[in-house]
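Contents: one structure, followed by commentary.
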Amino acid sequence: MRILLIAYEYPPVVAAQSLRWFYLSNELAGLGVEIQVLCPSFTALPAFPVPLHAGIVEHRVWPGPFIGLTQWLARRRGDAQETAPSLLRHADRSLAFRLYRAIRQWLDRVLYPDVRSEWYPFARRRLKQLLAGNAYDAIISSHEPGVDLLLGLWAKKRHGINWIVDLADPLCAPYTPAWRRWLDTWVEALVIRRADRVVVTTEPLIDLLKTRHGLADGDKFACLPQAAPALAATGSPPPLSPGKMSLVFTGNFYEQFRSPGAFAAALKELSCADITFTVAGDNDRFLPLFAGVDNVRFLGRLGHFACLDLQRRADVLLNIGNAQPYQMPGKLYEYLGAGKPILHLSLTADDPGAALLRGIGAGIVVDNDPPAIARALRQLLAAWRQDVSTMPGSPDAARLAPHTWRARAEQWLALIADSRR
C-alpha cells in the first residue's frame with residue numbers, strides 16, 4: 001500500500017498534528033506501508049530528536065516567501081542552534097520578533113485561512129509531479145492548517161484520487177474570527193462533500209458536523225482518536241521530588257476552557273508541604289493563581305520528549321478536561337502511556353476524557369471544584385504515603401493496548417482499504 005500524506009505540520013515542527021503523524025507514519029511504515037509525506041522545508045528549526053522510520057519518504061517544499069524569509073533570517077542569526085526554551089525567553093523582548101508577530105498576524109487576515117497558505121502554489125506544483133509519477137492508494141490531508149485541505153481539494157478535483165481528511169479540529173472552530181465563520185463553514189461543507197472519508201478524534205464532533213451541515217448519513221465519518229505510546233519498559237526513572245508526592249501538568253492552560261483556578265484553590269485549601277506541583281508549558285500568566293502555595297514550579301515550554309520524561313518521573317499527572325465535548329487533547333493519551341495515576345478534572349457531563357479514563361479503568365475523575373479536588377488529593381496523598389507503587393488510577397497495559405499508536409495505525413489501514421471500495 002502506498003499513501004501520500006499532506007502535512008504542513010510534520011517533524012521537525014512540534015505541534016499536535018505533527019506529533020500525531022510522527023507516531024502514525026512511523027507505525028504505518030513499520031506495518032509495511034509505503035509512506036510519502038509532502039511537507040514544508042523548515043531549515044531553521046532544531047532537528048527533531050527522534051528519527052523517522054527509514055521507509056518514510058519526505059518531499060520537502062519551500063514554505064513560501066514570508067516563512068521562507070524568516071527561516072533564512074533565523075539561520076543567519078544562528079537561532080537554529082539554540083534550544084526552543086531559550087528562543088522563547090529572548091523572543092518576547094526582541095523588536096525583530098515583535099515585528100515578525102505583527103506582520104504574521106496581518107498576513108493571517110489577508111491569506112485564507114492563514115499565512116501558511118502561502119505554501120499552496122509551491123506544494124501544488126510538487127503534488128502535481130507526485131500524482132503524475134506515482135499510483136497512491138490514498139491521499140491524506142492533515143488538518144490543521146487549512147492549506148492541507150486546499151491541496152487535497154485540488155488533488156480530488158483534478159485527479160479523482162481517494163482522499164481522506166484527518167480533521168482533528170473543525171475548520172469552523174470556537175477560535176475562528178466572527179467575520180470569517182460563514183466562509184469557514186462553507187469550505188468545511190465542501191471538504192466533507194468531496195472527501196471519501198473524514199476522520200475525527202471524538203464522536204461528538206461527528207454529531208456536530210452532521211448537525212451543522214444537515215447530514216443525515218454519517219457513514220463518511222470515522223472516529224480515530226489520538227493514542228498513547230506503549231507503556232514504558234520495566235524500571236522507573238528517578239522520582240521528580242524525593243520525599244514528596246509530585247504532581248505534573250504538561251501543556252497549556254486557557255482562561256476560557258482549561259483554567260487551573262479551581263486546582264490552585266484546592267492546593268491552598270489543602271496547604272500540604274508534602275505535595276509539589278510542576279508545570280511545563282507556556283503558562284507564566286497563570287502563576288499568580290498559585291501565590292502563597294509552596295512547592296510550585298513553572299518550567300516554561302519544554303520539548304515533547306522532555307515532557308514525556310517529566311510525566312514518567314511524576315507520582316500523579318494532572319489533566320483538566322475541555323469545555324467543548326468534541327475536543328480531547330492528545331496529552332491525556334500521553335499520560336496513559338506514562339503509566340502513572342491521572343487526576344482528571346471534568347468540566348462537563350459529556351467530557352470525553354472522563355469517559356475514556358472510566359472505560360479503561362484508569363485515573364481519578366472529579367468535578368472541577370476546589371473541595372472535590374482537595375478530597376481527591378487527600379486520597380492520593382494517603383495512598384502515596386502508604387505505597388507509591390499501588391496508588392489508585394494507574395493504567396493497565398492490557399486495557400491500554402487498543403489505544404496505542406500501533407493499534408491506531410492498524411485501524412487506519414482498515415479505513416484506507418475500506419475507502420477504496
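- Here the CG atom belonging to Leu302 is positioned 11.5 Å from the CG atom belonging to Asp282, to the nearest 0.5 angstrom.
- No hydrogens or angles considered: nothing links the side chains of Thr176 and Arg181 as a donor-acceptor pair under 3.5 Å.
- The aromatic rings of Tyr100 and Phe66 lie parallel to each other, their planes meeting at an angle below 30°, with 60° marking the opposite boundary.
- When each of Trp21, Tyr120, Phe42 is paired with Tyr8, the ring pair (Phe, Tyr, Trp, His ring centres under 6.0 Å) condition holds for Phe42 and for no other.
- Contact check for Val316 versus Ile275: no side-chain heavy atoms found under the 4.5 Å cut-off.
- The closest side-chain heavy-atom distance from Glu27 to Arg408 is not below 4.5 Å.
- Side-chain contact between Ile67 and Arg116 is absent, with no heavy atoms from C-beta onward closer than 4.5 Å.
- Residue pairs meeting the side chain to side chain donor-acceptor pair (under 3.5 Å) criterion with at least one member in residues 347-367, sequence neighbours excluded, are His344-Asp351, Ser346-Asp351, Thr348-Asp350.
- Between the side chains of Asn26 and Trp405, no donor-acceptor pair is found at a separation under 3.5 Å.
- Side-chain contact annotation: Tyr10 with Ser142, donor-acceptor N/O pair under 3.5 Å absent.
- The shortest side-chain heavy-atom distance between Lys156 and Leu153 does not fall under the 4.5 Å cut-off.
- In this structure the side chain of Ile320 never reaches within 4.5 angstrom of the side chain of Tyr254, judged on heavy atoms.
- The environment of CZ in Arg109 is sparse: at most 12 heavy-atom neighbours from other residues, nucleotides or ligands sit within 6.0 Å.
- No option in Leu318, Asn319, Asp369 other than Leu318 meets the side-chain contact (heavy atoms from CB on, under 4.5 Å) test with Leu345.
- Side-chain contact between Val199 and Trp412 is present, with heavy atoms from C-beta onward closer than 4.5 Å.
- Evaluated for a ring pair (Phe, Tyr, Trp, His ring centres under 6.0 Å) with Phe277, the options Phe290, Phe298, Phe249 yield exactly one hit, Phe290.
- Of the inter-residue distances, the one linking Leu317 atom CG with Leu332 atom CG reads 10.0 Å to the nearest 0.5 angstrom.
- With rounding to the nearest 0.5 Å, the separation of CG in Leu380 from CG in Leu247 is 7.5 Å.
- Under the 4.5 Å side-chain criterion, counting only non-hydrogen atoms from C-beta, Leu356 is in contact with Tyr333.
- Remark: Asp148 CG to Asp166 CG distance equals 10.0 Å, nearest 0.5 Å.
- A salt bridge is defined here as a Lys NZ or Arg NE, NH1 or NH2 lying under 4.0 Å from an Asp or Glu carboxylate O, and Glu9 with Arg20 fails to meet this definition.
- Residues meeting the ring-ring contact (aromatic ring centres under 6.0 Å, His included) test with Phe286, sequence neighbours left out: Phe253.
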